[in-house]
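In what follows, a single structure is set out as structure tokens and then discussed.
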Amino acid sequence: MTEIDRTGDRAPVPADWTYAPAPESRDVVKLRERYGLFVGGRWIEPSETYETISPATEERLAVVGQASAADVDGAVTAAREAFANGWSSLPGSERAKYLFRIARILQERAREFAVLESLNGGKPIKESRDVDLPLAAAHFFYYAGWADKLEYAFPNRRPKPVGVAGQIIPWNFPLLMLAWKIAPALACGNTVVLKPAETTPLTALLFCDVLRQAELPAGVVNIVTGDGRTGAALVEHEGVDKIAFTGSTEVGKAIQRRLAGSGKKLTLELGGKAANIVFDDCALDQAVEGIVNGIYFNQGHVCCAGSRLFAQESIYEPLVDKLKRRLETLRVGDPLDKNTDVGAINSAMQLEKIQELVESGRAEGADIYQPPCRLPEKGYWFAPTVFTNVAQSYRIAQEEIFGPVLSVLTFRTPDEAVEKANNTPYGLSAGVWTEKGSRILWMAQQLRAGVVWANTYNRFDPTSPFGGYKESGFGREGGLHGLEPYLRFDE
Ligand code: NAI
Ligand code: MG
């Protein structure tokens, strides 16, 4: 008798278990009322401003700058001066010292950063505390190690810094994406102008304080806040030598068009619609945990989220039953509560996009399941959702939802799994669940995805390159590969 047969319809956990609130204190974060732009090591008053909020409560947190093209120009000029006035010619071992300092300060101030990240972005504190912050520090440690070893990383190729890097990041992992961008850029001797996403500027602004503490020379890192207009001004600026972008495929394509023929270096890390493929010989309960982590981690605001579950037909029913029961135990609510599994949707705009796509799933004929849960009245929320009976042609199987919404499809043979998994314009990541090692290796070769996880999902490490195929973008971040976009190898 399987476990499912034994327990019948009963949930594995009593349905009325409630947790007492366990809120993390906000006191550790000292918000300023107003933030400027961080240019040349100083705070500059922006020409325009806007308010940034907490998506969980719609509470106003601070006034921040909407940098104009002139502000961006000032930041690029500061970065250029810092590049020319010493940073690019500093020995690698000296640059490494700054990176090590930044990493250590991030560790020391981890709690403050984690609370602020959850406050401004809506993600559960247990994720910002246990994932975003440790990984952000790890990226600085890792690239600090490369700074004085570039000659060994690229033997006989004379690596040199590119110059001024313009970096545009999204709102799903604000500090972590900052670390992914800034750490390799500085390790290679470049200077930086970084633009955080408009909904989540606060940890990047707090990071400026870390730069001061680390005594990083003025102008080496400049932070300009603002929306897509600020991003576009950075892309268009003639003084920028390299653009690194993480965000939507739509904006990525526009940037690529804009830069065609300009000679600027470009890396794009765009969307995804990953297949998480579950074979009937896998450890099923472990797979259920991986599926949940794959799609409900960070409210599904993850470019590599396992948003298409492919279940082998022979285990489809027990798998979906277990998954639905597991969903009932997910706690949705206050991001600052240490027991919360699923936090707030990042913005009203993103919530609208999720709602629209979920509506299309219903209309096209898929079956929807949402566990009973009471969503807070204020703020932006969406219950964890599973769609079954999904055809490959449905929008929910094709388009990136970027929310806590899973589409379940089925397959019979490994070949069919590969064909269906690759049937997407994207190619960022995939997951394979099976006990058979040879099948894992075969699948990993067939899947057109930059990252393939086996019997796990959403695992990140600074030593491992990350990036996509097809419309998921090009270029790699992390690992040795992540140095290359920040170097030139001509004489
Ligand atoms: P977006 O691509 O508009 O925003 C990402 C970053 O690009 C932000 O910093 C934004 O200010 C900036 N930006 C916007 N327009 C720009 C332009 N013309 N030139 C230069 N920079 C520009 O993404 P958005 O609108 O926040 O989200 C839309 C969808 O994109 C999401 O629903 C999701 O599907 C996808 N997305 C994917 C991400 C990923 O990690 N691959 C991250 C964020 C969004
Ligand atoms: Mg946009």
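Whatever order the structure lists them in is the order used to number ligands and atoms, beginning at 1.
- Near I169, the atoms of ligand 1 lying under 4.0 angstrom from a non-hydrogen atom of the residue are 6 (C), 8 (C), 9 (O).
- Distances below 4.0 Å separate heavy atoms of L270 from the following atoms of ligand 1: 41 (N).
- A distance-only check finds a donor-acceptor pair linking the side chain of K195 to the backbone of G226 [under 3.5 Å].
- At under 3.5 Å, not a single nitrogen or oxygen of T246, backbone or side chain, sits near a nitrogen or oxygen of ligand 1.
- Using the six-membered ring where Trp is involved, W146 and Y142 have ring planes that are perpendicular, over 60° apart on the 30 and 60° scheme.
- Protein heavy atoms all stay at least 4.0 Å away from atom 4 (O) of ligand 1.
- Under a 3.5 Å cut-off, the side chain of N422 and the backbone N or O of L447 do not form any donor-acceptor pair.
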(request) Under the salt bridge (Lys or Arg N to Asp or Glu O under 4.0 Å) rule, what do R488 and D241 come out as? Steps first, then yes or no, please. (result) CA-CA 11 Å; R488 58 187 177 85; D241 302 296; over 6 Å; no
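- With Y486 as the aromatic partner, K242 meets the cation-pi criteria of under 6.0 angstrom to the ring centre and within 45 degrees of the ring axis.
- The ligand atoms of ligand 1 that sit less than 4.0 angstrom from a heavy atom of M349 are 25 (O).
- Set against the non-hydrogen atoms of K353, the atoms of ligand 1 under 4.0 Å away are 29 (C), 31 (C), 32 (O), 33 (C), 34 (O).
- Ligand-side atoms of ligand 1 in range of G231: 19 (N), 20 (C), 21 (N), range being under 4.0 angstrom from any heavy atom.
- Residue Q350 approaches ligand 1 through these ligand atoms, each under 4.0 Å from one of its heavy atoms: 31 (C), 32 (O).
- A cation-pi geometry, defined here as NZ or CZ lying under 6.0 Å from the six-membered ring centre and within 45° of its normal, does not hold between R374 and W381.
- The nearest heavy-atom contact from the protein to atom 7 (O) of ligand 1 is F245 CE1, 3.2 Å.
- Distances from ligand 1 to the non-hydrogen atoms of F173 include no value under 4.0 Å.
- The cationic group of K273 does not satisfy the cation-pi geometry with Y426, failing either the under 6.0 Å distance to the six-membered ring centre or the 45° limit from the ring axis.
- Which parts of ligand 1 touch P170 is read off a 4.0 Å heavy-atom cut-off, strictly below it: atoms 42 (C), 43 (C).
- Close approach of ligand 1 to D227 (heavy-atom distance below 4.0 Å) involves ligand atoms 11 (O).
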